[in-house]
Amino acid sequence: MTTLRNLFADAAPERLSAIEQALTVDETTHTPWYIQVLIVIGAWLASFFLLFFVFCLVGQSLLQDEHRDMLGVIGAVLLVATVALRRQVSGLFPAQCCLALSLAAQGMLLFGFIPDNAETFGWVTLLMSVIAAALYFLYPDFLHRTVTTLFAIQLSYWWICQDSIFGPSEFTLLTPGLRFLLLDLHFLATLAGILWCFLPSGWHELRRPLGYALVASLAIASVHPFVFGWFMDESSHLAAGAKVVYPWYIQIGPVITAAAFFIVTVWAAGGKPALVRYRPQWSVFVAFLGLFLFLQMSSVLLALTILLLGFALQNRPILGLGLVLFVFFLGHYYYALGLDLMEKACVLVLSGGLLLILRSRLAQLMPKEAA
Amino acid sequence: MAAGVVPVEEGAALEQRVRRELPWAAWLNRGLLVLGVVLILSGIGYFFAHNWSHLTDNDKLALAAGAVLVALIGASRLGFDTFPGKVLLLAASALVGVFIAVYGIVYESTAETWTAFTFWALLIFPWVALGRFSALWIFWVGVLNVALFFYWQSIVPNWDFDPNSLPSERWGVVTLILLNVAALTGREVTARRRIAWLDHGWSALVLVAFVYFLSTAQVIAEIINSDGTDHSLWPTFLGTLIYAGLAALTYWLFVRVRPSLPALAIAILGICITLTALVGRVLFADVHGEPTGQLLLMGIVTLGIFGAGVWFLRMTGRDFAARRKAAS
């Protein structure tokens with residue numbers, strides 16, 4: 001177990017006490033999480049009433065099509081005012097009120113300037129992406145950055161997949177092949193973004209909201225059966241025994257996932273030195289990854305990537321998300337095998353037994369700390 | 001890193017070292033063990049599901065009883081004072097419920113659901129007393145709650161959360177609250193007598209959260225559904241008074257007797273929500289047209305109520321810290 005004292009074993013006693021003092025939580029000024037929850041609930045409830053008050057004040061006529069521009073202008077003014085206000089205040093309570101006001105202002109902005117039809121979905125995505133990017137630097141709030149970035153990334157997903165949501169329309173610019181290619185690129189960019197946000201040591205505070213937004217976005221999109229079609233399609237055909245040949249732009253998704261899992265594992269193991277030092281073990285590991293891909297379990301690999309990242313960073317939200325996704329994807333994998341109850345029983349017992357054998361083998365190879 | 005006490009390069013090296021020294025082997029070991037056991041147990045479950053229709057009634061009963069016995073024998077072999085032993089005892093207690101359910105299916109029992117849950121609670125009570133495991137005790141309280149809920153559902157089948165339409169619902173919730181208050185009181189009394197196994201903070205928090213969830217929901221239902229007539233005003237008044245009594249009891253217990261800020265925070269959350277609902281009911285009572293002024297007032301009052309709650313918790317937290325400092 002790593003403690004502060006053995007980490008700084010060589011440090012001078014006065015330096016160690018300075019570090020300990022810097023890390024000590026001041027009980028008189030520190031706000032525990034449960035009080036923060038109370039503050040957040042109160043702020044959102046109050047903001048809800050105040051927003052409805054503003055809404056009643058300006059009148060329902062603004063919701064009519066001919067006055068929508070006016071609502072957009074009010075939204076823009078409210079957004080600018082909220083950003084200015086948020087930069088002045090620092091307490092949790094006013095910060096949460098500002099957050100509620102800012103999100104409402106963005107909603108008014110979108111509602112005011114963009115008509116609600118499929119034709120303008122691209123413009124909504126573009127506008128929200130620009131607003132999210134601008135507010136990321138202008139609005140100094142962790143939750144706000146995470147929420148607006150997540151919303152913008154999600155919109156870009158839905159824009160790519162809008163045919164599967166709204167059905168084919170005359171405004172569609174994407175052919176099915178181009179859509180899958182864009183999905184691959186989006187997936188690749190999301191995974192690369194997650195690695196860029198979390199892997200470098202001493203990761204910058206400013207990247208954290210983006211990292212969380214990317215992880216959450218990846219989780220939402222990957223459980224959505226229509227977005228990442230390969231996760232669902234690949235295993236559902238196993239039962240029939242038919243050899244389904246997918247185009248390369250669908251098959252590339254699992255390979256990207258396996259590559260991301262490999263990168264995170266190498267990073268967690270200590271980076272390049274570990275890669276060079278344990279070359280034979282890494283070859284076995286790559287063979288295991290190949291087996292996962294052969295068994296069409298890339299969705300499980302994705303969950304394992306998030307799980308590993310969460311444990312290596314000792315980050316509970318990411319670890320928890322990884323666990324939930326792992327249970328979801330593993331459960332779905334076994335369900336989608338389409339076997340009868342007896343066959344399923346045999347597969348489950350066999351795979352459970354294999355894991356226990358792997359455990360005992362690993363216990364022999366690894367140091368005794370496990371005990 | 002530590003308010004600039006450690007240089008950036010040193011911080012990065014420390015971060016790598018911390019990551020290297022994480023309990024990787026233990027994590028992998030436990031993860032593979034849990035996953036392997038879960039997969040094998042699921043497989044066994046599927047095996048019996050596949051063959052269920054081919055099993056005789058005696059086989060089914062023997063299987064259910066056998067599972068209880070296996071868990072119990074495992075617990076006694078591992079020792080009731082070890083963690084795995086306690087977990088197996090908890091599993092045995094849960095499997096008693098499965099046995100009762102199988103028994104009910106095989107003999108097509110016409111007994112009401114609440115009697116089955118009561119019987120379950122009675123059967124496992126000796127293990128709860130002897131097991132000395134707070135999770136098992138909370139599980140037992142949960143079974144009692146379910147039994148009581150089903151008892152009231154047998155009396156009031158059309159539960160609609162409107163105490164004015166079905167007044168018996170009110171008694172149902174009150175008895176559930178009393179049951180959990182009694183469990184909490186019992187827990188606190190035994191904890192004061194230094195019975196260590198029951199003195200885990202989380203078990204008190206679970207009970208406080210459940211008591212406040214039930215009582216807050218009931219008082220809000222009374223407040224919202226009161227239509228201003230004497231017939232509905234009295235229960236609202238009485239309910240609010242009892243709720244205030246519960247708040248006073250919570251204050252006495254978790255500020256004076258056994259200081260606990262998380263328990264107080266749960267109570268304060270319930271009280272703040274109730275007060276907001278009460279103010280809302282008064283303000284929006286006779287609104288004709290747009291409630292513009294009422295909404296503004298509600299916003300301000302909500303800020304005030306929650307602000308006061310947070311202020312109280314912060315002051316109490318500082319008081320607790322000062323008391324701890326003085327004691328040490």
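Order of the sequence lines sets the chain letters (A, B, ...), proteins ahead of strands, with each chain counted from 1.
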Trainee: Kindly indicate whether the side chain of T302(B), heavy atoms from C-beta on, has any atom under 4.5 Å from the side chain of L50(A).
Mentor: no
Trainee: What closest approach, in Å, do A46(A) and G299(B) show between heavy atoms, and which atom pair accounts for it?
Mentor: CB-O, 3.7 Å
Trainee: Write down the atom of C97(A), the atom of L303(B), and the distance for their closest heavy-atom approach.
Mentor: SG-CD2, 4.2 Å
Trainee: Chain B heavy atoms under 4.5 Å from L330(A): which part of the residue, side chain, backbone, both or neither?
Mentor: side chain
Trainee: Has R359(A) got a side-chain atom pairing as donor or acceptor with N29(B)'s backbone, closer than 3.5 angstrom?
Mentor: yes
Trainee: Going by ring-ring contact (aromatic ring centres under 6.0 Å, His included), name the residues that satisfy it together with F311(A), two or more places apart in sequence or in a different chain.
Mentor: W24(B), W27(B)
Trainee: I'd like to check the salt bridge (Lys or Arg N to Asp or Glu O under 4.0 Å) partners of R277(A); sequence neighbours left out, ordered by chain and number.
Mentor: none
Trainee: Working to the nearest 0.5 angstrom, can you tell me the gap between F48(A) CZ and M298(B) CE?
Mentor: 9.5 Å
Trainee: List in chain and number order the residues that pass ring-ring contact (aromatic ring centres under 6.0 Å, His included) with F261(A), two or more places apart in sequence or in another chain; answer none if no residue qualifies.
Mentor: F285(A)
Trainee: Can you tell me how far the CD1 atom of I40(B) sits from the CG atom of L356(A), to the nearest 0.5 Å?
Mentor: 4.5 Å
Trainee: If you count heavy-atom pairs within less than 4.5 Å of chain B, which of G270(A), P32(A), A268(A) leads?
Mentor: A268(A)
Trainee: Where is the tightest heavy-atom contact between A345(A) and G43(B), given as atom of each residue plus distance?
Mentor: CB-O, 3.2 Å
Trainee: In Å and rounded to the nearest 0.5 Å, what is the CD1 to OH distance from I268(B) to Y34(A)?
Mentor: 12.5 Å
Trainee: Taking the side chain as every heavy atom from C-beta outward, state whether M342(A) and N51(B) have any pair of such atoms under 4.5 Å apart.
Mentor: yes
Trainee: Among L296(B), V310(B), I305(B), single out the residue with the greatest number of heavy-atom pairs under 4.5 Å to chain A.
Mentor: L296(B)
Trainee: Got L39(B) and Y334(A) here, is their nearest side-chain heavy-atom distance under 4.5 Å?
Mentor: yes
Trainee: As an exercise, state the distance from CG of L348(A) to CD1 of I44(B), rounded to the nearest 0.5 Å.
Mentor: 10.5 Å
Trainee: Using a 4.5 Å cut-off on heavy atoms from C-beta on, say whether the side chain of L358(A) contacts that of L32(B).
Mentor: yes
Trainee: Applying a heavy-atom distance below 4.5 Å, give me the residues of residues 35-44 of chain A that approach chain B, sorted by number.
Mentor: I35(A), L38(A), I39(A), I41(A), G42(A)
Trainee: Kindly indicate whether the side chain of L297(B), heavy atoms from C-beta on, has any atom under 4.5 Å from the side chain of F53(A).
Mentor: no
